[in-house]
Amino acid sequence: MPDALATPTLRMTHAQYDTVLAHCFDGFPDEACGLLAGPFADGAPTGEVGQVYPCRNADASARTYTVDSKDLLAAMRDADDHGHDIIGVWHSHTHTDAYPSATDVRQAVDPAWCYVIVSLKTGEPVLRGYSIHDGAIRECAVQVG
Amino acid sequence: MSVEVRLPTLLRAHADGASSVSAEGATVGEVFADLVAKYPGMAGNLIDDNGGLHKFVNVYRNDDDIRYLEQLDTKVSDGDELSILPAVAGG
């Protein structure tokens with residue numbers, strides 16, 4: 001039986017990683033969010049990140065985020081132009097660890113996505129990725145380089 | 001009316017993996033009814049128990065969010081593009 005939580009290593013460039021972190025710092029003290037796009041093979045993400053899309057947090061909140069739907073639409077269209085699809089979402093935790101909150105788990109929409117969380121709890125940002133399916137959380141490896 | 005409907009990755013499994021499909025209808029609600037008739041697996045993902053737009057879904061007619069138009073009664077024309085987007089949120 002296939003493992004629903006088996007996800008490939010998320011592979012980002014340094015420039016993409018820097019874009020994600022910069023957007024998180026820019027959004028502080030609110031949570032910041034954005035989308036990741038990349039190629040699919042056999043109906044599943046390969047793990048390669050082709051594009052990163054900083055988005056507006058429609059909640060404008062330090063506790064929750066909602067990716068602005070217009071930004072999501074623009075990201076989906078741009079990803080499509082590259083032959084890619086949305087493969088994940090990132091958001092910042094301003095005062096907690098880089099681990100999915102109960103709200104993150106409850107609202108996770110796609111078990112194939114990688115949910116990247118950037119903690120700004122301490123001076124040094126911590127970035128980790130997870131797959132979330134039916135309430136179960138599993139860390140997915142993130143490679144930068 | 002025939003419109004193109006762009007599907008989020010999560011719904012593609014119900015449409016044989018297609019990223020967009022054609023559907024018929026004069027309103028968004030009619031297009032969704034046609035979609036569900038063709039792809040029954042989408043039923044619970046688009047419409048809630050009260051017959052309204054599912055709260056975890058956003059729908060755009062071209063560049064406009066139908067929540068700010070006439071919701072499921074929003075009219076569509078030949079060649080319009082409907083985009084179904086998941087509500088991406090957390091805390």
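Here is how names work: the chains are called A, B, and so on, in the same order as the sequence lines, proteins then strands, and each is numbered from 1. Values below: all heavy atoms of this structure, side chains included; hydrogens, waters and symmetry mates excluded.
- Of all heavy-atom pairs spanning B/Y60 and A/S69, the tightest one is OH-OG, 2.7 Å.
- For the atom pair CD1 (A/I86) and CG (B/L10), the distance works out to 13.5 Å, reported to the nearest 0.5 Å.
- Proximity to chain B (any heavy atom under 4.5 Å) is restricted, for A/F40, to the side chain, taken from C-beta onward.
- The number of heavy-atom neighbours closer than 6.0 Å to NZ of B/K38, taken from other residues, nucleotides and ligands shown, is above 12.
- Of all heavy-atom pairs spanning A/T103 and B/G90, the tightest one is CG2-C, 3.7 Å.
- A pairwise comparison of heavy atoms in A/L72 and B/V88 identifies CD2-CG2, 4.0 Å as the closest pair.
- A/L73 touches chain B through backbone and side chain together, each having a heavy atom under 4.5 Å away.
- For A/R77, the parts sitting under 4.5 Å from any heavy atom of chain B are the backbone and the side chain alike.
- By the rule that hydrophobic residues join a cluster once side-chain heavy atoms approach within less than 4.5 Å of another member, A/F28 and A/W90 end up as members of one cluster.
- There is a side-chain donor-acceptor pair under 3.5 Å between B/T9 and A/D110.
- Within a 6.0 Å radius of CG in A/D81, more than 12 heavy atoms belonging to other residues, nucleotides or ligands are found.
- No continuous path of hydrophobic side-chain contacts links A/Y115 to A/V118 [ILVMFWY only; heavy atoms under 4.5 Å].
- Within a 6.0 Å sphere centred on CZ of A/R128, heavy atoms belonging to other residues, nucleotides or ligands number 12 at most.
- A single hydrophobic cluster is seen to contain both A/W113 and B/L85, as judged by linkage of ILVMFWY side chains at heavy-atom distances under 4.5 Å, directly or through other members.
- Residue B/I84 touches chain A through its backbone alone, counting heavy-atom pairs closer than 4.5 Å.
- Nearest heavy-atom pair across A/V109 and B/A87 is CG1-O, 3.4 Å.
- Pairing each heavy atom of B/A89 with each of A/T66, the nearest pair is CB-OG1, 3.6 Å.
- Under the 4.5 Å side-chain heavy-atom criterion for Ile, Leu, Val, Met, Phe, Trp and Tyr, A/I117 and A/L35 are members of the same hydrophobic cluster.
- Looking at A/K70, its side chain never comes within 3.5 Å of a backbone N or O of B/D65 through a donor-acceptor pair.
- No continuous path of ILVMFWY side-chain contacts below 4.5 Å connects A/L10 to A/Y53, so the two sit in separate hydrophobic clusters.
- The heavy-atom pair separating A/M76 from B/L7 by the smallest distance is CE-O, 4.4 Å.
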